[in-house]
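For this chain, numbers begin at 1 and follow the sequence in order. Note that this is a predicted model, so its numbers are computed, not measured. Every heavy atom of this structure was used, including side-chain atoms; hydrogens, water molecules and symmetry mates were not.
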Amino acid sequence: MKRAQPTGAETIPVVIVGGGPVGVTAATLLGQYGVECLVLDRWDGVYPQPRAVHLDDEVYRVLVRLGIAEQFAAVSRPTRGLQLVDRNHRAFAVFDRSGDHGRHGHPRANMFDQPELEQLMRTNLEAQTTVRLRGNVEVTDVAQDGQDRVRVDFTDRLTGEPESVLATFVLGCDGANSVVRTAIGSTMEDLKFEQRWLVIDVASAVELDQWEGVHQLCDPGRAATYMRIGDTRYRWEFRLLDGETATDFQSIEALLPLVGPWVEGIPCDQLELVRVAEYTFRAQLADRWRDRNVFLLGDAAHLTPPFIGQGLCAGLRDSMNLSWKMAGVLSGDLPESVLDTYEAERKPHARALIQLAKLVGASMTRGGRAGDLLRRAIAPRMHRVPGLRRRLVDSETPPLGRSALVDRRGPRKALTGRLCPNAVIADDLRYDDVTRGGFVLVSGIPISPGQRALLTGRGTEVLEVGPGSPLHRWLADGKSAAALIRPDFTVLRAGRDVAALCEAAPRFTAA
C-alpha cells in the first residue's frame, strides 16, 4: 500500500538518491548554478573500499569544474599506457602514452583510490550552500503525482522513523541495484557479456619495479590485469575459473600463485592485503533513463566491463550532461523539452563505449590457444584498427549524436557533438580557466558589436581567437569560422555563418 501524502512535506527542487561520486558530482554542479538539492545516501560517510581506479582527461575536466583538480592531482597517478603480455609475462604489444597530456592539458589516463576521490568530492560539496547531504537513510519509494511533483519516501536507519520529501526532479544515482530504476519500471537490457573476476588490492612500501602502465595478461588459461594505482597501492584482477570464489584467496600466501610474477622476491609480510572481492563484470543498459521528472545516472543506467576504464567516467559524463540542462529548466531559461536530450545523447554514447569494452575484453580474454595465437599475430598491428588505438591511447570518446542541443544540420559536421579542446588561450591559461560554465561562442573572426550584445544578453560568453592559436587551428581543421560551445564543453553547432551561430545561442543565465 502506498504511503499517504504527508501534510506539509518539505519541497526541494532536486533530490538526488545516492551520495557516491556520480550523485555528489551532480549535486555540486547543480549547486554551482544555485539550485537547491538534497542528497540522500544509505551510508554515513564514504564507502571505504576502492572500486573504480581510472578516469581519462575528458572527465578530468569535470573535476576542474567541480573545483578539485589540484587536490586530485596530488592523490592520483598518471599511467603510462597499456601493454599486452603473454602467459610468460613477455610484452608483445605496447601502447605507450608516456609524457603526453593530450588535447585537454591533463594526463590521458589517471589512476586513483576511489575513497580518496570521494572524500575530496564530499569535502568540496560543503562549499555549496544550496546543497544538503544526508546519510544513514534508506530510500524506499519514489512516486510521481502527475502534477510535476515527485515524492521520495525514506527511512532513517538510526531511528527507524519514516520520512518523505517532495521534489521537482529526482536523480537516481543509486547504483546497479537502483531503487529509483525499479520505481520507474525501467529494466536493464543484457548486452551479452558476463564474466566472474577476482579483484585484489594490495598496499606495499616496496617498489615492485614493474612497467608503469596497465598490464593485460592475455593467457587463455587465466586472463588478468595489473596496474599501479598510487605510490603504495596496487591492483590485480584475475578471471575466476569454474568452482573458484573469493574465499579461496583470503591471504597473500593464497594469492602468490596469481600475483607471484609481479612480486617476485618480496616477502609476504611486506605486502598488505587491503581487499579481495569477487565481481561479475556485466554489460547492461537501462531501457529507459527517464520517466517524466525522474532520471537515472551512473550504474543505475549502465554497467560497463572494466577493460577500457570507462565505468565511473560514464557516470560523471551523465552528471555533466544533465546538470546544466536541469539548472536552465529550473531557472526558466530553457524549455523543459531540453531534458529529452539527456537520454538521446548519453545512451548511444554509453552503448558505444560498452560495446568497445566488450570487444577489447573479448579480444584479450577469450578464444583458447587459437585466440592466443591470433592475439600474438594481430596485437602488434592493433594501431591500424580504426578507432581502437584512439580508444586505447588517445582517449577521445565518440561525438554525441544529433539532438535538439547538437545541431548537425548543414555540411559542416566535423566539430558538432565533439568536445571543444581545453586549449591554451594565453600564457598558462586554458579554455576551462577563462570560461564560467555557460555557453561560449569561440570565433576565429571578429564579431560585430550587435552580435556581441545579442550574445551577452543571452548569457553567452565570447572568446575570439587569433590566427595561429590552438583554437583557431581547431576551427580551421573543422572548416568552421566559429563554434557555439555548451556548458559541458560540447559543440552545439559550428560553421562559417557566425550570424547564424549567434542566433542559435539559447538564453542561459544560470552560470
Side-chain angles (χ1 to χ4, degrees), residues 22 25-26 29 55-62 65 102-104 285-286 288-290 295-298 301-302 304 308 310-329 334-335 337-357 386-387 390-391 394-422 431-432 435 437-442 460 474-475 477-480 482-495 501 504-506 508:
V22 176
T25 295
L29 294 170
L55 60 82
D56 61 26
D57 56 336
E58 291 184 354
V59 174
Y60 207 121
R61 298 179 73 179
V62 179
R65 180 66 62 81
R103 63 203 293 265
H104 299 305
L285 201 62
R288 290 189 302 137
W289 292 30
R290 177 190 183 187
F295 298 79
L296 303 179
L297 296 80
H302 43 72
T304 308
I308 57 173
Q310 284 295 311
L312 177 62
C313 292
L316 298 192
R317 294 179 206 276
D318 295 343
S319 296
M320 190 68 171
N321 183 287
L322 183 58
S323 58
W324 64 271
K325 298 172 183 177
M326 191 162 285
V329 170
L334 299 176
S337 60
V338 303
L339 298 176
D340 295 334
T341 66
Y342 167 62
E343 180 175 344
E345 293 173 357
R346 287 294 307 133
K347 188 174 182 179
H349 190 273
R351 183 186 292 273
L353 291 182
I354 290 172
Q355 297 289 11
L356 184 56
R390 183 181 66 194
R391 177 63 259 159
D394 294 344
S395 80
E396 183 178 4
T397 60
L400 298 182
R402 182 174 178 176
S403 77
L405 289 169
V406 177
D407 188 346
R408 300 179 72 88
R409 292 174 297 175
R412 315 262 181 225
K413 298 181 180 179
L415 301 181
T416 307
R418 299 188 181 277
L419 296 188
C420 173
N422 183 29
Y431 176 91
D432 293 353
T435 55
F439 282 84
V440 180
L441 181 78
V442 178
T460 298
W474 171 70
L475 289 170
D477 290 344
K479 298 181 173 55
S480 298
L484 182 61
I485 314 301
R486 307 185 335 181
D488 57 2
F489 319 123
T490 303
V491 179
L492 186 156
R493 184 174 175 181
L501 290 173
F508 185 81

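Contact record, P335 with V329: O-CG2, 3.5 Å, taken as the closest heavy-atom pair. A pairwise comparison of heavy atoms in Y431 and T435 identifies O-OG1, 3.0 Å as the closest pair. Shortest non-hydrogen contact noted between M320 and R65 is CE-NH1, 3.6 Å. Residue A350 comes nearest to H302 through the heavy atom pair CB-CD2, 4.2 Å, listed as atom of the first residue, atom of the second, then distance. Of all the heavy atoms in A357 and T304, the pair that sits closest is CB-CG2, 4.0 Å. Nearest heavy atom pair, residue P348 against residue E343, reads CD-O, 3.6 Å.
Of the possible donor and acceptor atoms, none in the side chain of S323 sits under 3.5 Å from a partner among the backbone N and O of A26. Judged by distance alone, the side chain of E58 and the main-chain N or O of T397 form a donor-acceptor pair under 3.5 Å. For D56 (side chain) and V59 (main-chain N/O), a donor-acceptor pair under 3.5 Å exists by modelled atom type. A donor-acceptor contact shorter than 3.5 Å links the side chain of N422 to the backbone of D432. Proximity of a side-chain donor or acceptor of R317 to a complementary backbone N or O of R346 within less than 3.5 Å is not detected. Distance alone, capped at 3.5 Å, is enough to place a donor-acceptor pair between the R486 side chain and the L405 backbone.
To the nearest 0.5 angstrom, L339 atom CG is 4.5 Å from F295 atom CZ. Rounding to the nearest 0.5 Å gives a distance of 5.0 Å between CG of L285 and CD1 of I354. One distance of note links CG of L316 with OG1 of T25; it measures 4.5 Å at 0.5 Å rounding. Interatomic distance, T416 OG1 to L400 CG, rounded to the nearest 0.5 Å: 11.0 Å. For the atom pair R61 CZ and C420 SG, the distance stands at 6.5 Å (nearest 0.5 Å). Between atom CG of residue L353 and atom CD1 of residue I308 there is a gap of 5.0 Å, rounded to the nearest 0.5 Å.
Considering only residues two or more places apart in sequence or on other chains, A352 meets the side-chain contact (heavy atoms from CB on, under 4.5 Å) condition with P398. Judged as a side-chain hydrogen bond (donor to acceptor under 3.5 Å, both in side chains), and not counting sequence neighbours, the contacts of W324 are D488. Residues meeting the side-chain hydrogen bond (donor to acceptor under 3.5 Å, both in side chains) test with K325, sequence neighbours left out: N321, T341, E345.
Cation-pi check for R290 over Y342 is not met; the charged atom does not lie both under 6.0 angstrom from the ring centroid and within 45 degrees of its normal.
You'll find the side chain of F489 stays beyond 4.5 Å of the side chain of H104, heavy atoms only. Residues T490 and I485 are not in side-chain contact: their nearest non-hydrogen atoms beyond the backbone lie 4.5 Å or more apart.
When each of V491, L415, V442 is tested with S480 by the rule side chain to side chain contact (heavy atoms under 4.5 Å, CB included), just one qualifies, namely L415.
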